[in-house]
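Here's the structure, in structure tokens; my notes come after.
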Amino acid sequence: DTGVSQNPRHKITKRGQNVTFRCDPISEHNRLYWYRQTLGQGPEFLTYFQNEAQLEKSRLLSDRFSAERPKGSFSTLEIQRTEQGDSAMYLCASRRGGEQYFGPGTRLTVT
Amino acid sequence: AQSVTQPDIHITVSEGASLELRCNYSYGATPYLFWYVQSPGQGLQLLLKYFSGDTLVQGIKGFEAEFKRSQSSFNLRKPSVHWSDAAEYFCAVGPINTGTASKLTFGTGTRLQVTL
């Protein structure tokens, strides 16, 4: 059990650029979540996958955000035309039973 | 809609002192309850969880939490704090029905500072 991994750990980008983050869940976990955490706040749910199917999206996930999990293994989160308000920690979690296991996160800074 | 309230934004305790972090939730039914810890720049580590049964649950690192249905609370406790416990602590709730997305709703966190 190697845990949930996320890459990159840090990303600095200029406003208007596109960015993509990757999440590799724990191998036997078929459920995967993305959360966003801004400074001084708890994580907020963005989207959920069961295997390759994206089953739920938060209204926080604007049209500029897209997430995929093409083979039911790793997942990617893309943000197009980044805005300064997108600066946050993006956390991925995978789930076994009732427990969610979190990765270390990708910290995005939009300048 | 579900919500989680952690009324203490910041707590400072001396090493060796006892600790209690408060968590109150609003939910349509009895939810799953969790406490996570986050060190600076890191992801979240699960400390403990309550699903059902005994309302006093034990977790890792010597932490425990007590579920009180009548007070909609799930307070985290530790009898003797260590300097390495300094971190941010998050209470979270999720639905019992695992057929749903079971997304977690988090509180805003309590930052724990430990003085030597």
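Per chain, numbering begins at 1; letters A, B, ... match sequence-line order.
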- Note on the structure: Turns out that what part of B:L46 lies under 4.5 Å from chain A's heavy atoms comes down to side chain
- Note on the structure: The residue among B:F34, B:Y36, B:Y89 that forms ring-ring contact (aromatic ring centres under 6.0 Å, His included) with B:F63 is B:Y89
- Quick one: of B:T108, B:T105, B:I9, B:L104, who has the most non-hydrogen atom pairs under 4.5 Å with chain A? B:L104
- Message: Testing the 3.5 Å rule here: is there a donor-acceptor pair between the side chains of A:Q100 and A:S94?
- Response: no
- Relative to chain B, which segment of A:Q37 carries a heavy atom at a distance below 4.5 Å: side chain, backbone, both, or neither? side chain
- Item | Which atoms of A:L55 approach chain B - backbone, side chain, both or neither, heavy atom under 4.5 Å | neither
- Message: Between A:Y35 and chain B, with a heavy-atom cut-off of 4.5 Å, which part of the residue counts as in contact: side chain, backbone, both or neither?
- Response: side chain
- Under the 6.0 Å and 45° cation-pi test, does A:R22 pair with A:F74? yes
- Query: When only pairs under 4.5 Å are counted, which of A:G40, A:P43, A:P104 shares the most heavy-atom pairs with chain B?
  - Reply: A:P43
- Query: Where do A:E52 and A:K71 land on the salt bridge (charged side-chain N to carboxylate O under 4.0 Å, His left out) test, with the steps shown first?
  - Reply: CA-CA 6 Å; A:E52 67 276 8; A:K71 296 183 179 180; over 6 Å; no
- Query: Do you reckon A:L61 sits in the same ILVMFWY cluster as A:L91, going by side-chain contacts under 4.5 Å, direct or chained?
  - Reply: no
- Item | chain A contact via B:Q6 - side chain, backbone, both or neither, heavy atoms under 4.5 Å | neither
- Item | Heavy-atom side-chain contact between B:L21 and B:W35 under 4.5 Å | yes
